[in-house]
Each structure stands twice: as structure tokens, then as C-alpha cells.
2 protein chains.
Amino acid sequence: MRRDSRLSGVLHVLLHMAEFKQPVTSERLAVMMQTNPVVIRRIMGGLRDLGLVASEKGHGGGWTLCCDFDRVSLHDVYLALGAPELFAMGHRNVAPACLVEQAVNAALATAFEEAESLLMARLGDVTLGQLSADFHARFAKRERCAQEARPDVA
Amino acid sequence: MRRDSRLSGVLHVLLHMAEFKQPVTSERLAVMMQTNPVVIRRIMGGLRDLGLVASEKGHGGGWTLCCDFDRVSLHDVYLALGAPELFAMGHRNVAPACLVEQAVNAALATAFEEAESLLMARLGDVTLGQLSADFHARFAKRERCAQEARPDVA
DNA sequence: TCTCATGTAACTTTACTTGTTTCATGATGA
DNA sequence: TCATCATGAAACAAGTAAAGTTACATGAGA
């Protein structure tokens with residue numbers, strides 16, 4: 001199956017939005033993301049419900065950030081998406097009668113739960129602010145490289 | 001996506017096989033697993049290639065274990081399946097030109113790689129022998145409960 | 001040589017994300 | 001007021017991958 005890229009996508013959207021002061025339409029975001037405006041609205045709905053962003057209809061409308069980038073972690077964004085399934089692997093039966101399957105499920109569940117806890121903790125460690133800072137660092141670096149490639153301009 | 005349950009399934013098969021001395025046919029395993037013989041053959045193929053099990057054709061044929069249950073970990077079995085994708089989430093673009101997306105991918109990749117490492121380590125900690133022992137413990141416990149429910153028989 | 005069992009290929013089914021179309025709703029501005 | 005712009009929501013199509021199914025070839029025993 002195609003892997004769920006909503007978390008990746010919504011973070012992409014949020015960081016782009018941070019570069020604008022005015023509301024950004026789904027249309028513009030869709031162009032940046034190379035996708036469809038409806039897809040943008042879909043992944044943004046959960047964030048609106050949790051108060052991370054707001055949407056306005058009509059002229060001059062669109063999406064605006066209404067959260068402190070330094071207080072929102074990637075984990076918060078993950079939850080805003082509805083905490084989608086993390087793993088591509090699962091049990092055959094959730095509550096099997098077969099004792100063999102129960103033993104297998106128990107062993108796998110322990111390992112997967114530990115991995116999930118670690119992942120959630122790591123996502124909680126990173127804020128949108130840090131992500132945005134990383135982007136700006138990458139942007140500055142590219143600018144420098146562009147300068148160095150054109151010494152005559154400097 | 002329906003979640004990939006091959007790891008769960010193949011462990012289930014292996015533990016069932018451990019309860020038999022003679023070769024077990026795909027047909028019988030399929031009945032135990034409530035699935036199709038071809039599905040059994042499919043998920044067992046990788047294990048055969050790695051020498052964990054052997055298959056014999058013809059009369060009296062079927063699948064036999066040919067590995068030390070105490071020396072094979074769940075991680076080995078996972079690898080025998082071809083190390084299928086672990087996570088249900090992924091990046092939109094693997095190598096994006098957009099710097100925002102690069103920053104997002106880098107942050108997510110770090111978190112996911114750590115979780116993957118932990119999961120692989122945990123799977124490596126558990127052997128098929130331990131899993132089988134857990135099954136036998138569950139079996140013994142159920143027998144005891146059944147006894148207690150029929151005190152007149154005791 | 002007949003039967004049994006695996007090996008393999010092709011096709012169908014199922015489930016889910018993504019993409020797209022369509023229309024309703026509401027806000028802005030002339 | 002009314003046309004326009006934008007979101008909201010529903011419905012449907014496309015693409016993908018695992019799982020289920022069918023069919024047949026291959027090879028081992030009896």
C-alpha cells in the first residue's frame with residue numbers, strides 16, 4: 001500500500017505557512033505541495049479542530065497559524081491528525097482463541113509498543129520552531145553556496 | 001491498507017510446526033491458520049531460503065523445522081520475510097528539492113530510525129524458543145483452569 | 001504410473017491513501 | 001443586494017499492496 005504521508009505533508013504545510021504573514025489559501029498551499037486543494041483542507045481539518053490553525057472563508061480568506069511554534073511538538077501535530085496507525089505490520093487476529101497466536105501477539109505487541117513509545121517521545125522532543133529553524137539554516141546555507149558559486153557578484 | 005501480518009502469521013506457523021515431529025503440509029497449516037495453502041507457501045519461501053525450514057514434495061512431504069529454536073530470534077524471522085516495511089507512514093518525496101520538505105524529512109527520519117533500531121533490537125532479544133515456552137505456559141495454565149472448573153474429575 | 005505435495009504464475013478481492021469532481025455554505029467587496 | 005472567493009463536505013475514481021484464489025507444472029513416494 002502507499003504509505004500514509006499526511007504527517008510529512010502537514011508539517012510541510014505548516015512550515016510554509018510560517019513564511020507568510022497573511023492567510024494562505026488551500027489553492028496556494030496545494031501548488032507548493034504539488035497536490036490538490038481538497039487534500040490540503042483534509043489534512044488541515046484536524047489541526048483546526050485542535051486550534052493550531054484557523055481558516056477563514058471569502059475574500060482574503062485562507063489558513064493562518066494560531067499557535068506558538070515553540071510550544072507545539074511534532075507529537076502534537078501527529079495527534080491532531082488523529083494519531084494514525086504507525087506500523088505497517090499487525091496481528092492477524094486481534095483477540096485469537098489460539099494460544100499459539102496469543103503468545104505471538106503478546107511478544108510482538110511488547111516490542112512494537114516500546115518502539116511506539118520511543119517514537120512518540122522523539123516526536124515530542126521536536127518543536128515546530130526547531131523544524132523551522134532547521135529550514136532557515138538550510139536556506140542560509142544554500143544562499144551561501146550560491147554566493148560562493150558566483151564570486152564575481154560578491 | 002490492510003496491515004501486513006506476515007510476521008505474525010509466520011511465527012504462528014513455526015510454533016505450530018514445533019508441536020509436530022513429522023512434516024506438516026501447507027494444507028494442514030492453512031487450516032490451523034484459517035487461510036489458504038498458497039499463502040502458507042508464500043510466507044514460508046523466505047524461511048526455506050535461509051535454511052530455517054525445509055520442504056519436501058510427494059507422499060509424506062510437507063514442511064519441517066531445521067533450525068535451533070533457541071538460536072533463532074524474531075528478528076531473524078523478520079529478515080527471512082525480506083525485512084518488509086515497518087512503518088505505515090512515510091515521506092511524500094524521498095529526495096525533495098524543497099528545503100522545507102528536506103527539513104521535515106530529516107526530523108522525521110531521525111525519529112523513525114531510532115524507533116526502528118529499538119524494534120529490531122527487541123525482536124532480536126526474543127527467540128523462537130522463548131515464544132514456544134510462553135505458548136506452553138499458556139497451555140499449562142489453561143489446562144489448570146479447566147481442571148479447577150471440574151473438581152469432581154480431579 | 002498414480003497420487004500427493006510443493007513451486008509458481010496469474011488473477012481477484014479487500015482496504016486504504018490520495019486525487020478529483022461537485023456542490024453547499026459563508027464572508028468580502030462593489 | 002449580489003457576484004466572487006474561499007472553505008466544508010460528500011462522493012467517486014485511481015493507484016497500491018497484502019491476502020485470497022485458481023490453475024497448472026514439477027518432483028517424490030507408494
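Both backbone and side-chain heavy atoms feed into the values below; hydrogens, waters and symmetry mates do not. Quantities reported herein were computed from a predicted structural model and do not represent experimental measurements. The chains referred to below are lettered A, B, ... by the order of the sequence lines, with proteins before strands, and numbering in each begins at 1.
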Engineer: Which part of the nucleic acid does B:Arg6 contact within heavy-atom distance under 4.0 Å: base, sugar-phosphate only, or nothing?
Structural biologist: sugar-phosphate
Engineer: Report the nucleotide, chosen from C:dG7, D:dT7, C:dT20, that has the shortest atom-to-atom distance to any side-chain atom of A:Val39.
Structural biologist: C:dT20
Engineer: Can you tell which of D:dT21, C:dT6, D:dT7 lies closest to the side chain of B:Val38?
Structural biologist: D:dT21
Engineer: If you pin A:Gly58 and A:Asn36 to their nearest nucleotides in DNA chain C, which one's is more 5'?
Structural biologist: A:Asn36
Engineer: Do any side-chain nitrogens or oxygens of A:Thr25 fall under 4.0 Å of OP1 or OP2 in D:dA6?
Structural biologist: no
Engineer: Using a 4.0 Å heavy-atom cut-off across all strands, classify B:Gly60 as base, sugar-phosphate, or nothing.
Structural biologist: nothing
Engineer: Write down the distance between CH2 (A:Trp63) and C1' (D:dT7), rounded to a whole number of angstrom.
Structural biologist: 7 Å
Engineer: Is there side-chain contact between A:Met44 and A:Met17, with at least one heavy-atom pair below 4.5 Å?
Structural biologist: yes
Engineer: In terms of the nearest nucleotide of DNA chain C, which residue is placed more toward the 5' end: B:His59 or B:Arg92?
Structural biologist: B:His59
Engineer: At under 4.0 Å between heavy atoms, what does A:Arg48 touch on the DNA or RNA strands: base, sugar-phosphate, or nothing?
Structural biologist: sugar-phosphate
Engineer: State whether the side chain of B:Tyr78 and the backbone N or O of B:Pro84 hold a donor-acceptor pair below 3.5 Å, judged by distance alone.
Structural biologist: yes
Engineer: Is any side-chain N or O of B:Arg41 closer than 4.0 Å to OP1 or OP2 of C:dG7?
Structural biologist: no
Engineer: Separation of B:Lys57 atom NZ from D:dA30 atom C1', in whole Å?
Structural biologist: 18 Å
Engineer: Just compare C:dT6, C:dG19, D:dT7 and give me whichever is closest to any side-chain atom of A:Thr35.
Structural biologist: C:dG19
Engineer: Does B:Ser5 place a side-chain N or O at less than 4.0 Å from the phosphate oxygens OP1/OP2 of D:dA19?
Structural biologist: yes
Engineer: Tell me if a side-chain donor or acceptor on A:Glu114 pairs with a main-chain N or O of B:Arg122 at a distance below 3.5 Å.
Structural biologist: no
Engineer: Quiz question: going by heavy-atom distance under 3.5 Å, is there a donor-acceptor pair between the base of C:dG19 and the side chain of A:Arg42?
Structural biologist: yes
Engineer: Could you walk me through whether A:Thr25 and A:Trp63 pass the side-chain hydrogen bond (donor to acceptor under 3.5 Å, both in side chains) check?
Structural biologist: CA-CA 6 Å; A:Thr25 65; A:Trp63 299 90; over 6 Å; no
